[in-house]
Amino acid sequence: IYILMFIPVNALSTTANSLVSNAIGAGGVQYVMNLIKKIARLDLLIMLGLAGLIALFPKLILSVYTQDASLISDAVPSVYVICVAMLIASVSNVVFNGISGTGNTRAALILESATLVFYVAYIITVGTIFHAPVEICFTTELVYYSLLLVTSYVYLKKAKWQNKKI
């Protein structure tokens, strides 16, 4: 389910990367933030529809993968967490890929690495130390995408990426 939901997220994120790069190459640096907002909005709308359908019919969707009623029932809370995480991912991945589109891949690497440090620390704490249930462990995705969104947005708003020379 996660990978199915990630397909439109990834497609529009890659689109953001390409269109941001194209806009900058065409001298349209001033259009970059608005472009990212439009793509993020479109991705969020698509994900709202997809996540909404999956959240309304989680057992039906899960029954495609297994007929084990117990497993389906146990997996439903994780599906809800994944749906919420993918809503955040739809925006955060577009904003993050916008950074790569500016040509500043070093900044993207630093932001991604810093986010992953928190992601790994969170999953170790929640999963290994506290032995939380699977649906709680899946909240690592909420942490990851939220941090990625905040750091990417702050970078695009505060850093001097507009004058980056490649």
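Only this structure's heavy atoms are used, side chains among them; waters, hydrogens and symmetry mates stay out. Counting begins at 1 with the first residue of the sequence.
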Cluster overlap [X] with [Y], hydrophobic side-chain contacts below 4.5 Å:
X: Leu44; Y: Leu4; answer: no
X: Leu50; Y: Phe6; answer: yes
X: Tyr31; Y: Leu156; answer: no
X: Val76; Y: Leu53; answer: no
X: Val120; Y: Leu142; answer: yes

**Evaluation steps, side-chain contact (heavy atoms from CB on, under 4.5 Å), between Ile61 and Val79** = CA-CA 10 Å; Ile61 303 294; Val79 170; over 6 Å; no
Of the non-hydrogen atoms in [X] and [Y], which two are nearest, and what is the gap between them?
X: Ala16; Y: Ile39; result: CA-CD1, 3.6 Å
X: Ala89; Y: Val9; result: O-CG1, 3.7 Å
X: Ile99; Y: Ala107; result: CG2-CB, 4.5 Å
X: Ile123; Y: Cys137; result: CD1-O, 3.8 Å
X: Asn97; Y: Ser13; result: CB-O, 3.2 Å
X: Val20; Y: Gly101; result: CG1-C, 3.6 Å

**Item:** Derivation and outcome, side-chain contact (heavy atoms from CB on, under 4.5 Å), residues Ser90 and Met5
**Value:** CA-CA 9 Å; Ser90 67; Met5 295 178 79; over 6 Å; no
Non-hydrogen side-chain atoms of [X] and [Y] separated by less than 4.5 Å:
X: Leu12; Y: Ile46; answer: yes
X: Phe96; Y: Thr115; answer: no
X: Ile24; Y: Trp161; answer: yes
X: Gln30; Y: Gln162; answer: no
X: Tyr80; Y: Ile54; answer: no
X: Leu42; Y: Lys38; answer: no
X: Leu147; Y: Tyr119; answer: no
X: Ser63; Y: Leu60; answer: yes

Any donor-acceptor pair under 3.5 Å linking the side chain of [X] with the backbone of [Y]?
X: Ser21; Y: Asn17; value: no
X: Thr128; Y: Thr125; value: no
X: Ser146; Y: Val143; value: no

**Message:** How long is the straight-line distance from NZ of Lys160 back to CG of Asn104, given to the nearest 0.5 Å?
**Reply:** 13.5 Å
**Complete:** d(Gln67 CD, Ile72 CD1) to nearest 0.5 Å is 6.0 Å
**Request:** Count the heavy atoms of every other residue, nucleotide or ligand shown that sit under 6.0 Å from OH of Tyr144, and state whether that count exceeds 12.
**Result:** yes
**Prompt:** So with a 6.0 Å cut-off around OH of Tyr153, is the heavy-atom count from everything else above 12?
**Reply:** no
**Message:** List the residues meeting side-chain hydrogen bond (donor to acceptor under 3.5 Å, both in side chains) with Thr139, not counting sequence neighbours, and say none if there are none.
**Reply:** Tyr122
**Request:** Could you pull out all residues at least two apart from Tyr2 that satisfy side-chain hydrogen bond (donor to acceptor under 3.5 Å, both in side chains)?
**Result:** Glu141, Tyr145
**Request:** Decide yes or no on side-chain contact (heavy atoms from CB on, under 4.5 Å) for Ile136 and Phe130, but give the supporting numbers first.
**Result:** CA-CA 10 Å; Ile136 301 302; Phe130 293 123; over 6 Å; no
**Message:** Walk me through whether Asn93 and Asn10 qualify under side-chain contact (heavy atoms from CB on, under 4.5 Å).
**Reply:** CA-CA 7 Å; Asn93 282 7; Asn10 195 47; 5.7 Å; no
